[in-house]
Undergrad: 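Pasting a structure below so you can have a look.
Chain identifiers are assigned alphabetically (A, B, ...) following the order of the sequence lines, protein sequences preceding nucleic acid strands; residue numbering begins at 1 within each chain.
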2 protein chains.
Amino acid sequence: MKKEERHQLIIQLLEKENIQKQEELVKALQERDIAVTQATVSRDIKELKLIKVPATGDGYRYSLPVESDEEMNEKLTKLIKNAFVSLDHMDKFVTLKTLPGNASAIANLIDKRFTKELFAILNDDDNILMITKTTQARERLFQELQKYI
Amino acid sequence: MKKEERHQLIIQLLEKENIQKQEELVKALQERDIAVTQATVSRDIKELKLIKVPATGDGYRYSLPVESDEEMNEKLTKLIKNAFVSLDHMDKFVTLKTLPGNASAIANLIDKRFTKELFAILNDDDNILMITKTTQARERLFQELQKYI
DNA sequence: TGTGAATACTAATTCAAC
DNA sequence: GTTGAATTAGTATTCACA
């Protein structure tokens, strides 16, 4: 079990369970036969940027990070820089072709980042099709995406 | 200086300064001639639901809360329960009539909560007009809003 | 109810080992 | 580069009191 896998598992655990303390995360991981200590979990939390949130009821809980626009932009830039093939538009459509396997991650980020502009977005393994709400929105979206290239 | 005032000040401080530890908040408050201890700041943080965020660079910082869906739902429920007049729909439109002065706050929350469904939302003092992306989305939105009543 | 002082608890880091 | 054990740093809570 590598660190990266554990990180993924931790994210899943946080979605399901109410983790209030790092020790609880340690236990939850142990139940899945992953032996780590509080020290490691503390580092994981830092790396994953998990946040400690005062719970609505009582106590505290660990929660997934809220990505800022800047962080999403950074991610998008990296992803697109690495996987870009072509970008095109027509009417209210924008298409982005990527290297195989990369469309999904990029589409997810674009979806979050451009909710305002997007009417719908869908992708297969290496293509993203975006449908914008208006032609102006298509223009904005296309120009913004060009910046990432 | 009452607690409520201090809370407001803390929120302002967090927006401006990079507060990494509760002790720093204590110091920042002392500089403004407000004498409190770490214990009090800890309670303030819990009450304000401030979160401890692993910083992008190094270390940690305290930050303003992120509202969860549940919290938005709670707020919406309260607001709508208190100010509801009528709810109606037609084609891709949904209208919500409220008591005078209440439309804006409710519209803002609906906008955040139903981004997926909404194409546009606008309000005056006591009316909200929602335009959904599709008829199915209108159906979903209308049914969800009915639950808040 | 709100607070500080002391304390208990939790989390982050250091340091050594791998 | 990653980890656990031990330690330190930081945070939450208890308890007494205004």
Undergrad: I need the NZ-C1' distance between K2(B) and dA18(D), as an integer number of Å.
TA: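 Value for this atom pair: 17 Å.
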Undergrad: Starting at CG of L29(B) and ending at P of dG2(C), how long is that distance when rounded to a whole Å?
TA: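 So the CG-P distance, L29(B) to dG2(C), works out to 17 Å.
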Undergrad: Using whole Å, what does the distance between atom C1' of nucleotide dT3(C) and atom CG of D44(B) come to?
TA: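 Rounding to the nearest Å, CG of D44(B) and C1' of dT3(C) are 11 Å apart.
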Undergrad: Sugar-phosphate atoms are those with a prime plus P, OP1 and OP2; base atoms are the rest. Using that split, label each nucleotide of nucleotides 12-18 of chain C B, S or - for protein heavy atoms under 4.0 Å, 5' to 3'.
TA: BBB----
Undergrad: Is E117(B) salt-bridged to K112(B), going by a charged N under 4.0 Å from an acidic O?
TA: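 Judged by the 4.0 Å cut-off on N to carboxylate O distance, E117(B) and K112(B) do not form a salt bridge.
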Undergrad: Given atom NZ of K27(A) and atom P of dA11(C), what is their separation to the nearest angstrom?
TA: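 In whole Å, dA11(C) P lies 13 Å from K27(A) NZ.
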Undergrad: Could you give the CD1-to-P distance, from I10(A) to dT2(D), as a whole number of Å?
TA: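 The answer, rounded to whole Å, is 14 Å.
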Undergrad: Using a strict cut-off of less than 4.0 Å between a Lys/Arg side-chain nitrogen and an Asp/Glu carboxylate oxygen, indicate whether R32(B) and E17(B) qualify as a salt bridge.
TA: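 Salt bridge flag = yes for E17(B) with R32(B).
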Undergrad: NZ of K3(B) versus P of dT3(C): gap in Å, rounded?
TA: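 Taking NZ of K3(B) and P of dT3(C), I get 6 Å after rounding.
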Undergrad: Find the distance between NZ (K21(B)) and CD (Q38(B)) and round it off to the nearest 0.5 Å.
TA: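 K21(B) NZ to Q38(B) CD: 11.0 Å, rounded to 0.5 Å.
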Undergrad: Keeping to residues at least two apart or across chains, list the salt bridge (Lys or Arg N to Asp or Glu O under 4.0 Å) pairs with something in residues 97-107 of chain B.
TA: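 Pairs touching residues 97-107 of chain B that pass the test: K97(B)-D126(B).
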Undergrad: Could you tell me how far apart L25(A) (CG) and dT10(C) (C1') are, to the nearest whole angstrom?
TA: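 Going from CG in L25(A) over to C1' in dT10(C) covers 14 Å.
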Undergrad: What is the distance from CD of E47(A) to C1' of dG1(D), rounded to the nearest Å?
TA: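 Result: 10 Å.
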Undergrad: Which is it for Q143(B) and E139(B) under the side chain to side chain donor-acceptor pair (under 3.5 Å) test, yes or no, and what are the steps along the way?
TA: CA-CA 6 Å; Q143(B) 292 191 357; E139(B) 191 56 32; 2.9 Å; yes
Undergrad: Does dT3(D) have OP1 or OP2 sitting under 4.0 Å from an N or O in the side chain of R6(A)?
TA: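 For dT3(D), OP1 or OP2 has a side-chain N or O of R6(A) closer than 4.0 Å.
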Undergrad: Under 3.5 Å, is there a donor-acceptor pair linking the side chains of Y62(A) and N18(A)?
TA: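 N18(A) and Y62(A) do not have a side-chain donor-acceptor pair below 3.5 Å.
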